[in-house]
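In what follows, every chain begins at residue 1, and chains take the letters A, B, ... in the order their sequences are listed. These values consider heavy atoms only, across backbone and side chains, with no hydrogens, waters or symmetry-generated copies. Computed from a prediction, not measured in an experiment: that's the story for all the values here.
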Amino acid sequence: MTRPRVRFAPSPTGALHIGGVRTALYNYLFARQQGGTFILRIEDTDQNRYVPGAEDYIIESLRWVGLLPDEGVGFGGECGPYRQSDRKEIYQKYAHELVERGHAYYAFDTPEALENRRQAEENFTYNYLTRTGLSNSLTLPAEDVGTRLAGNEPFVIRLKVEPGHEVHIRDLIRGDVTFQSSELDDKVLLKADGMPTYHLANIVDDHLMDITHVIRGEEWLPSTAHHVLLYRGFGWEDTMPQFAHLPLILKPVGNGKLSKRDGAKFGIPVFPLGWTAEKAEDSFTGFRETGFLPEAVINFLALLGWHPGGDQELFSINDLVAAFSIEHISKGGARFDYEKAKWFNQKYIQAADNATLATHIRPLAEAKSYRVSDEYLDCVAGLMKERVTFLPDFVEQGDCLFGPVREYDVETLKKKWNPGFAPVFDDLTSFVAGFEPFQAAALEEAVKNFIHDKGLKPGDILPLLRIALAGTMKGPAVFDMAAALGKEETVRRLILLKEQGEKALQNVVSA
RNA sequence: GGUCCGUUCGUCUAGGGGUUAGGACACGUCCCUUUCACGGAUGAAACACGGGUUCGAUUCCCGUACGGACUACCA
């Protein structure tokens, strides 16, 4: 195979949906594996739906997940411009060329007239049957058409679909798909505002940009027959790209495809990055803000609709590039499984080295005004990484490693604190204060001996020690925390614990 | 309604004419650990249905059911 050229062609009508990220990923993987080119094209031919900031959002999202285009808006390349609104004249030229070739025609029907017709006839379609009764260059006298065109009357250009033949598509994922041309409508190619529709723009651009494979969502399958007709009409059929229509990503629960609203509905991210809209209810957080590592998102997305066979679950981007193949993409829709996404994130956090995690934790810690050294952050990362799911968990669940204990687990305290423990804790505090070297393993052995010498069991004291340092029964090993906190802070918390213990006792007595 | 696409454990999926239908998430139990996790072990859990073809179909074919996408001068 010659080096493929593929494109990811989102529309800047809002934030980039996670399904769009997957489409970009599959395009990227295919290009990388085949030594091909991955192109970003912005399809902004609908001026009414344009959303400011959406284009930047798309590019920032691709950067975050690491799917960098070789060519495209913001990335340079020889086949530009890559923003369709900058290519308006090109489409006009080709649209008129298609009319001249006899595969398209001018139509003057107003949107209102067509709307009325649809109201009147249940299944109205603009096609070979109905166009003879409508206002277009196929029915109007030539001079009339000329007058209208010269008089700047609004018009659209429509594809002239000839009835009575079959259109075959060989989809790389679904195999042969056949359409009857008689069932196809005369799609609008060039709109009255001079902009092309998706159908025209995508064919012209894919041809001009030498696209070899079109990997896109399943929602495009029904219109692919029109696209084939367009390639034929232009005489480009011999270089027509191959098609691969991806299965949909479905809602976590219920029926239908995953939609923007599902994020708020289920309290989960469905976008890569957060988005701030004018209205608060239109704003949302993304995978990034939730605390996902981009590698985990990629791994999760890659397996949502594709699997190379075998039992491997964890794939680095390089693994994915090596293993990817279009043939192994599933045909059926894949349900968005957030629990699995969380699991991937957990695995990637576990596998990350402490220094890398520290760079992610630092901004989170600083947002809470915690000031700590890189070394300390490394240490916290090591202590916490096997018990967190999201990045913010490091500073939330690991709060006691950054600041004082704010809340004590009173239930456990009541259960474990005994009358007579006050002097034991005084002794323990002095013992710890005098202990060197202040290192986890040595301290553990020494404290356990201390407990034994007092005629107590580890189970009597260790839980209290934990409460002293962390306030809760959760968290890293006690002596690891002590070593991390340092002698001074450990002693301080031991003293505080005695007060808490006595208080708990009084509550029990008074109750 | 029409056109097209799809259907293996709850979920993501592997497999493919003869298998104890495999793995992962989630869930249950146990072990490790005087915490929480991690980790390990183990359990429950699936070929939508009906006809063919075949010695034999979960796998191939045809229907049915169910689900989905599309059906705009939106992409």
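- A:Phe179 comes within 4.0 angstrom of sugar-phosphate atoms only, judged by non-hydrogen atoms across all strands, and of no base.
- B:C61 atom P lies 13 Å from atom CG of A:Asp176, rounded to whole Å.
- Within 4.0 Å (heavy atoms only), A:Arg466 reaches at least one base atom of the nucleic acid.
- Contact check of residues 388-406 of chain A against RNA chain B (heavy atom, cut-off under 4.0 Å) returns no residues at all.
- Among the atoms of the strands shown, none is found under 4.0 Å from any heavy atom of A:Thr472.
- Per the geometry, NE2 belonging to A:His307 stands 13 Å off P belonging to B:C12, to the nearest Å.
- Put simply, CD on A:Gln312 is 15 Å from C1' on B:C12, counting in whole angstrom units.
- A donor-acceptor contact shorter than 3.5 Å is absent between the side chain of A:Asn418 and the backbone of A:Phe421.
- Residue-level contact check: A:Lys347 touches the backbone only, with heavy atoms under 4.0 Å from sugar-phosphate atoms and none from bases.
- The ring of A:His227 has its center closer than 6.0 angstrom to the ring center of A:His199.
- As judged by a 4.0 angstrom heavy-atom cut-off over every strand, A:Thr412 is placed among residues making no nucleic acid contact.
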**Prompt:** Reading nucleotides 64-75 of chain B from the 5' end, what letters show protein touch, with B for base, S for backbone sugar-phosphate only, - for no heavy atom under 4.0 Å?
**Reply:** ---SSSS--BBB
**Reading 5' to 3' through nucleotides 24-34 of chain B, protein heavy-atom contacts under 4.0 Å coded B for base, S for sugar-phosphate only, - for none** = BS--------B
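- Residue pairs meeting the ring-ring contact (aromatic ring centres under 6.0 Å, His included) criterion with at least one member in residues 153-172 of chain A, sequence neighbours excluded: A:Tyr106-A:Phe155.
- Judged purely by atom type and a 3.5 angstrom limit, A:Ser223 has no side-chain atom pairing as donor or acceptor with the backbone of A:His226.
- For an aromatic pair to be called close, the ring centres must be under 6.0 Å apart, and A:Tyr26 with A:Trp306 fails this.
- Here B:A37 presents its P atom at 13 Å from CD of A:Glu386, a figure rounded to the nearest Å.
- For A:Asp378, there are no salt bridge (Lys or Arg N to Asp or Glu O under 4.0 Å) partners two or more places apart in sequence or in a different chain.
- Within the 4.0 angstrom heavy-atom criterion, no nucleotide atom of any strand lies near A:Gln180.
- Within 4.0 Å of A:Gly475, counting heavy atoms only, lies at least one base atom of the nucleic acid.
- Residue A:Arg22 contributes atom CZ, which lies 12 Å from atom P of B:C12 at whole-angstrom precision.
- Contact annotation for A:Ala470: no contact, since no heavy-atom pair falls under 4.0 Å across all strands.
- Taking atom CZ of A:Phe315 as the reference point, atom C1' of B:C12 lies 12 Å away to the nearest angstrom.
- The aromatic rings of A:Trp275 and A:Tyr57 lie perpendicular to each other, with more than 60° between the two planes, well past the 30° mark.
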For residues 381-393 of chain A, tabulate all N or O donor-acceptor pairs below 3.5 Å that involve a side-chain atom, not counting sequence neighbours.
unit_1   : atom_1 : unit_2   : atom_2 : d
A:Lys385 : NZ     : A:Ala352 : O      : 2.9
A:Arg387 : NE     : A:Leu383 : O      : 3.2
A:Arg387 : NH1    : A:Gly475 : O      : 3.3
A:Asp393 : OD2    : A:Thr389 : N      : 3.0
A:Asp393 : OD2    : A:Phe390 : N      : 2.9

